[in-house]
Amino acid sequence: MTFLNNTGQSISEFVITGLNSIENPKPVGYVILIIYFLILLANSTNICIIALDKHLHSPMYFFICNLAFVDILYSTSISPTLIMILIADEKRISTKLCISQMYVNHLGSTMVAFAISLMAYDRWVAISIPLHYSSILTNNKIMILTAVSWMLGTGFIGILAGIASDLPYCYTLLKYAFCDYGALVRAACVNPDDYFVVSTIIVFFVLFAPFAFIIFSYYKIIYSVMKISSNANRKKMFSTCFSHLIVAACFYTPQFVAIILTRGVLVLTLTQRNILFIGANLGPSLVNPFVYCLRTKEIRRKVFRIPVLKSIAPSD
């Protein structure tokens, strides 16, 4: 790594070296480009279908729309950088742009967790308190809940961005695939352990607190469903939650592996770590829109009315 502060210079750009070990970078870059295109197309399609159909202007579909927007934001935080590095071999990134990328990436991760927890709340109310669903989850209330989640997310991640902006940087090389808080702290002339305490506290609030709420919501859902005598109704109730469970598992599984298991239980090389974090970002953003498209009848019907897809439309 190159020290610049010894000469009194300030660092204006970083060089991202986390993908240097990839033997065939361009094919990998084109794969990421295709995945990113599918993410944008699938999530934008879901948003447009929900926005244009007044019959879908209900809390559940609003939360699906919110998640789709967050997935676009989350994947966009790193995909252009990965594509530029792998295809165009452009590894330099300005300090300000790197901090901005870190902010958007962590905000995207935070908002996915919040969006999934809001959807869990929707399922909890729909199954446990169905008679009061329309009075509890009014349009005004879901707008307020969503706005509050965005304010909390921007506030918490803003703390990390503020810390990153004030750090004295010594190193120009980042051994990671993209800019995140850990990469920036390790590039600074500071003891990283002191700064990771703050990020650990924030991660607890923005990732694990929503996860705890999701677990609590499903405890209440299971309790309510078990009181239903009809097996057919039980199956129907659990079926309405299946899509949400897939989405939650796709997001939290790699997060737990990356945050918890790699802290001692699971030893990964730098390349494996970078692949894990890229997969944790792009994987859920790609899976989520297809899960809700294929498992939500109203969205599926709209999608398969598109002329190109009519011939492969599944029968309901």
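Below, all heavy atoms of this structure are taken into account, side chains as well, without hydrogens, waters or symmetry copies.
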Return yes if some donor-acceptor pair links the side-chain N/O of E23 with the main-chain N/O of P25 below 3.5 Å, else return no.
no
Answer whether the closest heavy-atom distance between the side chains of L184 and M102 falls below 4.5 Å.
yes
Which residue pairs pass the salt bridge (charged side-chain N to carboxylate O under 4.0 Å, His left out) test with at least one member in residues 272-289, sequence neighbours excluded?
D180-R273
Residue pairs fulfilling disulfide bond (SG atoms under 2.5 Å apart) with at least one residue in residues 14-54, sequence neighbours excluded
none
Taking F216 as the starting point, is it possible to reach Y223 by hopping between hydrophobic residues whose side chains are less than 4.5 Å apart?
no
Can you pull out every side chain to side chain donor-acceptor pair (under 3.5 Å) where at least one residue sits in residues 27-37? Sequence neighbours excluded, please.
Y36-T76
Scan for side chain to side chain donor-acceptor pair (under 3.5 Å) pairs involving residues 138-149, sequence neighbours excluded, and state none if there are none.
none
Please determine whether side chain to side chain contact (heavy atoms under 4.5 Å, CB included) holds for the pair I246 and F242, giving the CA-CA distance in whole Å, both sets of side-chain angles, and the decisive distance to 0.1 Å.
CA-CA 6 Å; I246 294 174; F242 189 64; 3.4 Å; yes
Is there a side chain to side chain contact (heavy atoms under 4.5 Å, CB included) between D194 and N191? Walk through the geometry before answering.
CA-CA 6 Å; D194 296 336; N191 178 6; 3.6 Å; yes
Just by distance, do the side chain of N274 and the backbone of L270 share a donor-acceptor pair under 3.5 Å?
yes
Checking T154 side chain against M151 main chain: does a donor-acceptor pair fall under 3.5 Å?
yes
For the residue pair C241 and I221, establish whether any side-chain heavy-atom pair is separated by less than 4.5 Å.
yes
Please, which pairs that meet disulfide bond (SG atoms under 2.5 Å apart) have at least one residue in residues 60-98, sequence neighbours excluded?
C98-C179
Hydrophobic cluster membership, with links at side-chain heavy-atom distances under 4.5 Å among I/L/V/M/F/W/Y: are Y169 and Y176 in one?
no
What's the shortest heavy-atom distance between L174 and A187, and which atoms?
CD2-CB, 3.6 Å
Any side-chain heavy atom of I35 within less than 4.5 Å of one from L38?
no
Looking only at side-chain N and O atoms, does H244 offer a donor or acceptor that is under 3.5 Å from a partner on Y218?
yes
Report whether V287 and I116 are members of the same hydrophobic cluster (ILVMFWY, side-chain heavy atoms less than 4.5 Å apart, transitive linking).
yes
Run the side-chain contact (heavy atoms from CB on, under 4.5 Å) test against T17 and tell me which residues pass, sequence neighbours left out.
V15, N20, L173, K175
Is Y292 close to V247 at the side-chain level, that is, under 4.5 Å between some pair of heavy atoms?
yes
For F277 and F178, I'd like to know if the aromatic rings sit close, meaning centre-to-centre distance below 6.0 Å.
no
Looking only at heavy atoms, what is the nearest atom pair of G29 and I83, with distance?
O-CG1, 4.3 Å
Hey, is the main chain of I72 close enough, under 3.5 Å, to the side chain of N43 for a donor-acceptor pair?
no
Over all atoms of both residues, closest heavy-atom pair of I85 and A177
CD1-O, 3.9 Å
Indicate yes or no: at least one non-hydrogen side-chain atom of T95 is less than 4.5 angstrom from one of F14.
yes
Does I93 belong to the same Ile/Leu/Val/Met/Phe/Trp/Tyr cluster as M84, with side-chain heavy atoms less than 4.5 Å apart forming each link?
no
When every non-hydrogen atom of I99 is compared with those of A164, the smallest separation belongs to CD1-O, 3.8 Å
Within the distance-only criterion (no hydrogens, no angle test), does the side chain of S128 pair as donor or acceptor with the backbone N or O of V125 below 3.5 angstrom?
no
What about the rings of Y121 and F63, do their centers lie closer together than 6.0 Å?
no
To the nearest 0.5 Å, how far apart are CD1 in I129 and NZ in K220?
8.0 Å
Is F251 linked to L282 within one hydrophobic cluster, defined over Ile, Leu, Val, Met, Phe, Trp and Tyr using a side-chain heavy-atom separation of less than 4.5 Å?
yes
Taking the side chain as C-beta and beyond, is there a heavy-atom pair between F213 and W124 under 4.5 Å?
yes
Heavy atoms, side chains only, cut-off 4.5 Å: are M119 and F114 in contact?
no
Check ring pair (Phe, Tyr, Trp, His ring centres under 6.0 Å) between F205 and all other residues, then give those that pass, not counting sequence neighbours.
F156
Rounded to the nearest 0.5 angstrom, the CG-CG distance for N24 and L86 is 11.0 Å
Partners meeting side-chain contact (heavy atoms from CB on, under 4.5 Å) with V185 (sequence neighbours left out):
L167, Y181, P192, Y195, F196
Pairs meeting criterion salt bridge (charged side-chain N to carboxylate O under 4.0 Å, His left out) with involvement of residues 111-128, two or more places apart
none
Correct closest heavy-atom pair for S44 and L40 would be OG-O, 2.6 Å
Can you see which heavy atom on Q255 is nearest to which on A280, and at what distance?
NE2-CB, 4.3 Å
Below 4.5 Å, heavy atoms only, C-beta onward: do L19 and I278 meet side chain to side chain?
yes
Under the ring pair (Phe, Tyr, Trp, His ring centres under 6.0 Å) test, which residues partner Y219, sequence neighbours left out?
none
Can you list every ring-ring contact (aromatic ring centres under 6.0 Å, His included) pair that touches residues 66-97, not counting sequence neighbours?
F69-W150
Residue pairs passing the side chain to side chain donor-acceptor pair (under 3.5 Å) test where at least one lies in residues 105-119, sequence neighbours excluded:
S77-N105
